[in-house]
2 protein chains.
Amino acid sequence: MDWSIQDIARIAGTTSRTLRHYDDIGLLKPSRIGHNGYRYYNQAALVQLQRILLLRGLGLGLPVISQVLDDETDAAKALTGHLEWLKQEQHRLARQIASVTQTIEAVKGGGEIMAEDMFNGFDHTQYKDEVEERWGKDAYAKGDSWWRNMSAEEKAAWKQRSQQLGADWIAAATAGIAPDSAEAQTLAKRHVEWLTGIPGTPASDARGKDDAGKRDVKGYVTGLGEMYVADPRFAKNYGGADGAGFVRDALKIYAAENL
Amino acid sequence: MDWSIQDIARIAGTTSRTLRHYDDIGLLKPSRIGHNGYRYYNQAALVQLQRILLLRGLGLGLPVISQVLDDETDAAKALTGHLEWLKQEQHRLARQIASVTQTIEAVKGGGEIMAEDMFNGFDHTQYKDEVEERWGKDAYAKGDSWWRNMSAEEKAAWKQRSQQLGADWIAAATAGIAPDSAEAQTLAKRHVEWLTGIPGTPASDARGKDDAGKRDVKGYVTGLGEMYVADPRFAKNYGGADGAGFVRDALKIYAAENL
DNA sequence: ATAGATGTTGACGTAGCGTCAAGGTCAAGG
DNA sequence: CCTTGACCTTGACGCTACGTCAACATCTAT
């Protein structure tokens, strides 16, 4: 009393390919194999198959199903673990749905994918007085016109790059690594490269300049490091005073060794 | 003013492998390629990359992202379509979570994966009078003890198999195919094989019997077909009177040609 | 000159089968 | 006996978006 591969496939509501796959991976062997190599399945195999399909329908992976079938007592544990995963997935989807909805609104309103409001609160002008006092009106004017002439997308790219840098600094600081470690120094290098992107600063002006210009950069960078610590408006970009202190130390070492 | 592959990878928060992949599939080409084959990316490429990563973070596939980048106006459409997909996924997950939760309870209570309550409402005894009247007390007793002696899993397997058969009948009937078509006749064959699994019926008793026994099966099967139509308790398994009529026709043709 | 970081292409692995391709087996009919 | 059609076999590629070696070339700094 057994069925051919097509027969059980139809009875159980799956395909013969699936059954061959289960045979290949050892999940469900045929109860009998003909002299011609044909696979035949009996009632017990049908029961197993239906359990497999039930669990698969619940979203479990085939290796997990295999374990569950081997050790019945694990069923509740496996399912409970799986349930956790499902809930996380649902939360992830909920967040994605919120983001997509928001982005659709932004695109409809602004027309571009990166709309203006994506970098609200990231306005260059908030440091006007500070910059003019330290590096002169000319420096601020250059930087300001640079910012204003950027397209929305370029602004967004800059913002994201800046935030990524800040996030990486915070991650490094909280990881407890040393300021002179390779990782921190790589970040310092990135930081200087980032500064080089802002026109009107010694860092950007020094590109292609002589040694005197480069010495200016050295002082500029170390001075910046101190400012990050002293000024809470900057310190918050690096996770507060502690993080900013880490940035200052790493920058000072980098400047001494490379600038 | 450009960066190496590692540089933008770090700036944008991804990996160099991803960038090479995007180059391979034509999603994001480097802005410049050195004489040595090195990839270099400029500001514009960084902007593109960040748009890609934004959309990917929303769950869009790379081919879709490619389209969106080509035709900016499609962005809202693509995102709206994607939103639909996300919502469906969330509903699917919600259903899976409900099922898994239910299954966990069942496993904890019953110990087996297929618990008793999975075949509530599928009790054999509901046709007691009908069976005794038509085929005698002996037939019913055989079938009843057969059912009672099954394990929970065998019962569940049988139930699912029966329901699968019913679902396939309904699908075929509503598809509007002919009762003498190959597909309907395949179903009829399955139906007889299914009947053969119930002890106490002429179909099962006839296994290995002579021609007289086989003639009994013929009458039994055609009689059953008529009953499916006449009795609403059976007809509902095949989608009501219309579906049952289709089953009856297909069975009559099958019996005439093969039994 | 050499070591170490970084770059290149090429290819395999992933989850779970769908989908040919090429060829053997079996039951029924002429 | 031969053919036809249905069903079976193994083998291998395809799909998503890269991660992860491997083998080898190049740049940078000492």
Side-chain angles (χ1 to χ4, degrees), chain A residues 2-30 32-41 49 52-53 55-67 82 85 89 181-183 185-187 189-190 193 254 257-259, chain B residues 2-30 32-41 49 52-53 55-67 82 85 89 181-183 185-187 189-190 193 257-258:
Chain A
D2 47 17
W3 301 278
S4 74
I5 193 167
Q6 285 279 21
D7 287 340
I8 20 152
R10 278 190 296 243
I11 289 173
T14 183
T15 70
S16 57
R17 178 65 178 88
T18 297
L19 288 160
R20 280 191 212 103
H21 183 57
Y22 290 169
D23 187 5
D24 286 347
I25 66 175
L27 180 56
L28 181 68
K29 295 286 185 188
R32 182 172 72 83
I33 293 190
H35 64 290
N36 46 18
Y38 285 24
R39 295 172 174 83
Y40 295 98
Y41 299 79
L49 175 57
I52 291 169
L53 295 179
L55 294 173
R56 197 197 53 176
L58 295 177
L60 277 81
L62 299 189
V64 177
I65 292 178
S66 183
Q67 283 181 17
H82 182 56
W85 151 264
E89 275 295 292
S181 67
E183 193 178 339
Q185 289 302 301
T186 300
L187 274 175
K189 184 183 169 205
R190 258 178 73 190
E193 286 171 355
Y254 180 78
E257 293 184 354
N258 299 286
L259 298 177
Chain B
D2 47 16
W3 300 279
S4 74
I5 194 167
Q6 285 280 20
D7 287 340
I8 22 154
R10 278 190 296 243
I11 290 173
T14 183
T15 70
S16 58
R17 178 66 179 86
T18 297
L19 287 159
R20 281 192 211 99
H21 182 58
Y22 290 170
D23 187 5
D24 287 346
I25 65 174
L27 180 56
L28 180 69
K29 294 286 183 188
R32 184 171 71 83
I33 293 190
H35 64 290
N36 45 21
Y38 284 24
R39 295 172 175 82
Y40 295 97
Y41 299 79
L49 174 57
I52 291 170
L53 296 179
L55 294 173
R56 197 198 52 176
L58 295 177
L60 278 81
L62 300 189
V64 178
I65 292 178
S66 184
Q67 284 181 16
H82 181 55
W85 152 263
E89 275 296 291
S181 67
E183 194 178 339
Q185 288 303 301
T186 301
L187 274 175
K189 184 182 170 206
R190 259 178 72 191
E193 286 171 357
E257 292 185 355
N258 300 286

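In the text below, chain A, chain B and the rest are named by the order of the sequence lines, each starting its count at 1.
- The base-pairing partner of dG30(C), taking Watson-Crick or G-U wobble contacts with both distances under 3.5 Å, is dC1(D).
- Using a 4.5 Å cut-off on side-chain heavy atoms (C-beta onward), Arg20(A) and Ser16(A) make contact.
- Atom-to-atom, CG of Leu28(B) to P of dA17(D) comes out at 15 Å; the value is rounded to the nearest Å.
- Side-chain proximity of Leu62(A) to dG16(C), dC27(D), dC26(C): nearest is dG16(C).
- Using a 4.0 Å heavy-atom cutoff across all strands shown, Ile25(B) reaches no nucleic acid atom at all.
- With hydrogens and angles disregarded, no donor-acceptor distance shorter than 3.5 Å links the side chain of His82(B) to the backbone of Val64(B).
- Between Trp3(B) and Ile11(B) there is a side-chain heavy-atom pair separated by less than 4.5 Å.
- Set against dC7(D), dT10(D), dT8(C), the side chain of Arg39(A) has dT10(D) as its closest nucleotide.
- Contact check for Asp23(B) versus Arg39(B): side-chain heavy atoms found under the 4.5 Å cut-off.
- When the P atom of dC18(D) is taken as reference, atom CD1 of Ile65(B) falls 9 Å away, rounded to whole Å.
- Taking only distance into account, the side chain of Tyr38(A) meets the base of dG24(C) through a donor-acceptor pair shorter than 3.5 Å.
- A heavy-atom distance below 4.0 Å to DNA chain C is reached by these residues of residues 11-24 of chain A, ordered by number: Thr15(A), Arg17(A), Thr18(A), His21(A), Tyr22(A).
- Here the P atom of nucleotide dA27(C) and the CD atom of Glu257(B) are 20 Å apart, to the nearest Å.
- Residues Tyr40(B) and Pro30(B) form no side-chain contact, since every pair of their non-hydrogen atoms from C-beta on lies 4.5 Å or further apart.
- Taking atom CG of residue Leu58(A) and atom P of nucleotide dG16(C), one finds them 14 Å apart after rounding to whole Å.
- Rounded to an integer number of Å, the gap from His82(A) NE2 to dA15(C) C1' is 14 Å.
- Separating the CG atom of Leu53(B) from the C1' atom of dA17(D) is a distance of 13 Å, rounded to the nearest angstrom.
- Between Gln185(A) and Lys189(A) the shortest side-chain heavy-atom distance does not fall below 4.5 Å.
- Put simply, Gln6(A) has no side-chain N or O that comes within less than 4.0 Å of OP1 or OP2 on dA6(D).
- The nearest heavy atom of DNA chain C to Pro63(A) and to Asp7(B) marks one nucleotide each, and the one closer to the 5' end goes with Asp7(B).
- In this structure, Gly61(B) reaches the sugar-phosphate backbone alone: every heavy-atom distance under 4.0 Å involves primed, P, OP1 or OP2 atoms, never a base.
- Checking the phosphate oxygens (OP1, OP2) of dC27(D), a side-chain nitrogen or oxygen of Asn36(B) falls inside 4.0 Å.
- Rounded to an integer number of Å, the gap from OH of Tyr40(A) to P of dT9(D) is 8 Å.
- Distances shorter than 4.0 Å separate some side-chain N or O of Ser4(B) from OP1 or OP2 on dG7(C).
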- side chain to side chain contact (heavy atoms under 4.5 Å, CB included) between Leu187(A) and Tyr254(A), intermediate numbers included: CA-CA 10 Å; Leu187(A) 274 175; Tyr254(A) 180 78; over 6 Å; no

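- Remark: side-chain polar atoms of Ser66(B) are not paired, donor with acceptor, to backbone N or O of Leu62(B) under 3.5 angstrom.
- For His35(A), the side-chain atoms get nearest to dC26(C) when compared with the rest of dC26(C), dC8(D), dT8(C).
- One can place CD of Gln185(A) at 14 Å from P of dA29(D), the figure rounded to the nearest angstrom.
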